[in-house]
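One structure is given below, encoded as structure tokens.
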Amino acid sequence: MSAPAAALTMSDQHREVLLRISRSQVAAHREVVRAAVLLAAADGVGNKTISTRHGVSATTVRLWRKAFEKEGLANWGKVAPGRGRKSTIPAETVARIVELTTKSRPAGATHWSCRSMATEVGVSPATVQRIWSDLGLKPHLVNSFKVSNDPKFTDKVIDVVGLYLNPPEKAVVLCMDEKSQIQALDRTQATLPMIRGRAGTMTHDYKRNGTTTLFAALDVLTGTVIGQCLPRHRHEEFLKFLTTIDREVPTDLQIHLILDNYSTHKHKDVAAWLAKHPRFHLHFTPTSSSWLNQVERWFRDLTDKNLRRGIFGSVPDLIASIESYLAASNANPKPYLWTATAESILAKVARARATLTEVTNQN
């Protein structure tokens, strides 16, 4: 047995990651061995002992130790240029797969699958999947988008993002919106609980027991939410919610409210109310730009964690569930971190418009 070597310095976080890899049943064998080697080195085991125990050369052990000391886990799993298994697929075949994937469709279908592409090109489905994965091609997925045509798009983006990145002093910035027509859905049969080897189940059909509308205003600084369920989605309800906000926000703070261009928000009665409450300042997002309103992210969490699998026998049951989620969220608020600048957003939208124009002209 070799003399103990100087132990490899390793943080608890790195040790935990390497332990997980060394026990993995799905990670590449080389990564599992490398993780075990580094863990042994961290315990002060000698290089020769490690090489004998794990079936690698002492030189390899020293190289892995040196790489970890220099980079940690930053480049873990990356194969050095010129190393690793060489591709046996001709470049022409790869180019043809990319061309077909990005610029054509199979007969009678909207997109290519691994099997349909493999049949077309004459390779295995695994080869197609590997090429798509390496190049980041995902023909089975499609993202939705719409470029805003708001003539004041630039000004509104600069205004809203400015509030996110540089909020004014002695003021609160609230992202406000309505989640309308939330349905109180009850299942037609009892649900089955999750057990080992089987997910929980519920019926695909349901009974509708009415709806409610949730008005919510997210404080971008603290992550807390002012919420109120009201029966409808009119300017009367909006005025009630504004009164709720006015009551809950300390009187010495100005209120900057970010919201969309829904006509309810611009009703004459609303304008009259705002004139009597000068501490309210409304900032409108561009049309077709709900992604700019941070409360939409909170609505997504509400849907995923509370509404989608909820079972509600009545509207009061639904409202009680929403209020329970709201209370739990406010008990441990977590603000969303906004990092995008107005300049980066405008540049991205400009590229999208240019691409959209190019595609339109080609068609």
Side-chain angles (χ1 to χ4, degrees), residues 14 17-39 41 50-51 54-147 340 344 347-363:
H14 282 164
V17 172
L18 291 173
L19 277 171
R20 193 160 57 244
I21 296 173
S22 68
R23 298 167 181 169
S24 174
Q25 299 295 316
V26 296
H29 176 70
R30 178 182 175 86
E31 294 183 13
V32 173
V33 173
R34 186 172 184 175
V37 165
L38 292 175
L39 288 170
I50 294 174
S51 67
H54 296 285
V56 296
S57 68
T59 301
T60 297
V61 175
R62 287 192 292 270
L63 289 174
W64 283 349
R65 288 184 59 141
K66 184 176 180 181
F68 181 83
E69 291 171 348
K70 181 180 180 181
E71 304 173 351
L73 299 179
N75 292 314
W76 183 269
K78 291 185 178 180
V79 179
R83 303 297 296 274
R85 181 181 298 175
K86 304 301 186 290
S87 176
T88 59
I89 307 300
E92 295 77 9
T93 302
V94 175
R96 187 177 178 218
I97 290 175
V98 173
E99 178 78 11
L100 290 173
T101 304
T102 58
K103 297 184 179 180
S104 70
R105 297 178 180 179
T110 59
H111 61 279
W112 292 96
S113 67
C114 287
R115 294 186 180 278
S116 62
M117 180 62 74
T119 300
E120 177 72 20
V121 181
V123 296
S124 69
T127 296
V128 175
Q129 179 59 56
R130 186 166 61 252
I131 293 172
W132 281 351
S133 179
D134 290 344
L135 299 178
L137 296 173
K138 300 177 181 180
H140 63 290
L141 295 180
V142 61
N143 293 325
S144 60
F145 88 103
K146 182 177 180 180
V147 177
S344 67
K348 186 174 183 179
V349 171
R351 292 194 298 270
R353 284 176 174 157
T355 302
L356 188 61
T357 301
E358 181 181 350
V359 172
T360 302
N361 291 338
Q362 289 177 353
N363 295 335

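Note that this is a predicted model, so its numbers are computed, not measured.
Annotation: side chain of Leu137 is in contact with side chain of Thr102 (closest heavy-atom distance under 4.5 Å).
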For this session: Verify side chain to side chain contact (heavy atoms under 4.5 Å, CB included) between Arg96 and Glu120, making sure each step is shown before the conclusion.
Result: CA-CA 10 Å; Arg96 187 177 178 218; Glu120 177 72 20; 3.6 Å; yes
Exercise. Can Val56 and Val33 be said to form a side chain to side chain contact (heavy atoms under 4.5 Å, CB included), step by step?
Worked result: CA-CA 9 Å; Val56 296; Val33 173; 4.0 Å; yes
For this session: Please assess Glu31 against Trp76 for the test side chain to side chain contact (heavy atoms under 4.5 Å, CB included), listing each intermediate value before the final yes or no.
Result: CA-CA 8 Å; Glu31 294 183 13; Trp76 183 269; 3.5 Å; yes
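Listed by chain and residue number, nothing satisfies the salt bridge (charged side-chain N to carboxylate O under 4.0 Å, His left out) test with Glu71 (two or more places apart in sequence, or in another chain).
Rounded to the nearest 0.5 angstrom, Met117 CE and Ile131 CD1 are separated by 9.5 Å. The CG atom of Leu73 lies 4.0 Å from the NE2 atom of His14; values are rounded to the nearest 0.5 Å. Note that CG of Leu18 and CZ of Arg20 are 9.5 Å apart. Values are rounded to the nearest 0.5 Å. Atom OG of residue Ser133 and atom NZ of residue Lys138 lie 8.5 Å apart, to the nearest 0.5 angstrom. Atom CD of Glu69 and atom CH2 of Trp64 lie 15.0 Å apart (nearest 0.5 Å). Here NE2 of His140 is found 12.5 Å from OG1 of Thr110. Values are rounded to the nearest 0.5 Å.
Ala352 and Val147 get closest at one heavy-atom pair: CB-CG2, 4.0 Å. When all heavy atoms of Ser57 and Ser51 are compared, the pair lying nearest together is C-CB, 3.7 Å. Here the shortest heavy-atom pairing between Pro106 and His111 reads CG-O, 3.3 Å. Counting all heavy atoms, side chain and backbone alike, Ala35 lies closest to Ser22 at CB-N, 3.9 Å.
For Thr127 (side chain) and Val123 (main-chain N/O), no donor-acceptor pair under 3.5 Å exists by modelled atom type. Under a 3.5 Å cut-off, the side chain of Thr357 and the backbone N or O of Arg353 do form a donor-acceptor pair. Ser344 places no side-chain N or O within donor-acceptor distance of the main-chain N or O of Ala340, the cut-off being under 3.5 Å. Formation of a donor-acceptor pair under 3.5 Å by the Trp112 side chain with backbone atoms of Ser104 is found in this model. Proximity of a side-chain donor or acceptor of Thr93 to a complementary backbone N or O of Ile89 within less than 3.5 Å is not detected.
The only option from Leu39, Thr60, Leu38, Val37 that meets the side-chain contact (heavy atoms from CB on, under 4.5 Å) definition with Ile50 turns out to be Val37.
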